[in-house]
Amino acid sequence: PWTKQLSPLLGVREVQKLDSKLRSLNVTDLDNLHLTFDMFFPNHQQKETLGDLVVRIGSWAKDEVEHTLLSLVILFCPDMLNLTERRKVEDFQLKFATLLQSYLKYKHQDDPEAGRSRFTRGMLVVAKCKEMCLGSGD
């Protein structure tokens, strides 16, 4: 199952936390879920752009806080999951995006435009992830 697939990457405790959170949000069919490349990228032409996206995500973040918050915004995208309580996941994603925006505003308080620009570029990375996941990428 998906929990065994992610455990080597995220660690057993983190996967258990994620599993508990998804179950609390009533995500269905978790016991039978097995992650495959095609689930995330149904258009096989996107395999070529996957590397570009990984580079974009990795190079966008300038510190651990930025990386963690951007990752959480991407992970809690309600459009990428079969949800019975979509609104809760949307609320979590909004909280993480707001935290990221607040962090960047604080970090770039001497140059507010830089903070706004960084946040906008981060949200473009999120949009690209969503686009690729939903199979509507170029």
With rounding to the nearest 0.5 Å, note down the distance linking [atom1] in [X] to [atom2] in [Y].
X	Y	atom1	atom2	value
Ile74	Leu69	CD1	CG	11.0 Å
Leu104	Arg121	CG	CZ	9.5 Å
Gln16	Glu14	CD	CD	9.5 Å
Phe119	Lys107	CZ	NZ	14.5 Å
Lys88	Leu25	NZ	CG	6.5 Å

Practice prompt. Test side-chain contact (heavy atoms from CB on, under 4.5 Å) on Tyr106 and Gln101 and set out the steps.
Written response: CA-CA 9 Å; Tyr106 169 77; Gln101 184 180 33; over 6 Å; no

Discussion item. Salt bridge check, Asp111 against Arg116: does any charged N sit closer than 4.0 Å to a carboxylate O?
Written reply: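 Salt bridge absent between Arg116 and Asp111.
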
Worksheet item: Between Arg23 and Asp19, does at least one N-O distance fall below 4.0 Å, as a salt bridge requires?
Response: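 Yes.
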
Worksheet entry | Residue pair Trp2 / Leu22, side-chain heavy-atom distance below 4.5 Å |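 A side-chain contact under 4.5 Å exists here.
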
Fill in: Side chains of Thr84 and Val27 in contact at under 4.5 Å (non-hydrogen atoms)
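In short, these two side chains do not touch, never coming nearer than 4.5 Å.
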
Nearest heavy atoms of [X] and [Y], plus distance in Å:
X	Y	answer
His108	Ala114	ND1-CB, 4.0 Å
Lys62	Glu66	N-OE1, 2.7 Å
Val73	Val126	CG1-CG2, 3.7 Å
Glu90	Pro78	CG-CG, 3.4 Å
Arg118	Trp60	NH2-O, 2.8 Å
Cys77	Gln93	CA-NE2, 3.6 Å

Item to complete: Under the side-chain contact (heavy atoms from CB on, under 4.5 Å) rule, what do Leu124 and Lys128 come out as? Steps first, then yes or no, please.
Response: CA-CA 6 Å; Leu124 289 173; Lys128 185 64 176 175; over 6 Å; no

Practice prompt. Step by step, work out the side-chain contact (heavy atoms from CB on, under 4.5 Å) result for Asp91 and Arg87.
Written response: CA-CA 6 Å; Asp91 289 345; Arg87 185 69 189 154; 3.4 Å; yes

Worksheet item: Regarding Lys95 and the six-membered ring of Phe92, is the cationic atom NZ or CZ under 6.0 Å from the ring centre and inside 45° of its axis?
Response: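 Judged by the rule, Lys95 and Phe92 form a cation-pi pair.
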
Discussion item. Are there over 12 heavy-atom neighbours, none belonging to Glu64, within less than 6.0 Å of that residue's CD?
Written reply: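 Atom CD in Glu64 is not crowded, with 12 or fewer foreign heavy atoms closer than 6.0 Å.
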
Worksheet entry | Shared hydrophobic cluster, Phe76 / Val65 (ILVMFWY, side-chain heavy atoms < 4.5 Å) |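 Yes, Phe76 connects to Val65 through the hydrophobic network.
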
Worksheet item: Is it true that Leu94 and Met123 fall in one hydrophobic cluster, defined by side-chain heavy atoms closer than 4.5 Å?
Response: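 No: no chain of side-chain contacts under 4.5 Å links Leu94 to Met123.
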
Discussion item. Treating Ser71 as the side-chain partner and His67 as the backbone partner, does any N or O pair qualify as donor plus acceptor under 3.5 Å?
Written reply: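 Such a contact is found between Ser71 side chain and His67 backbone.
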
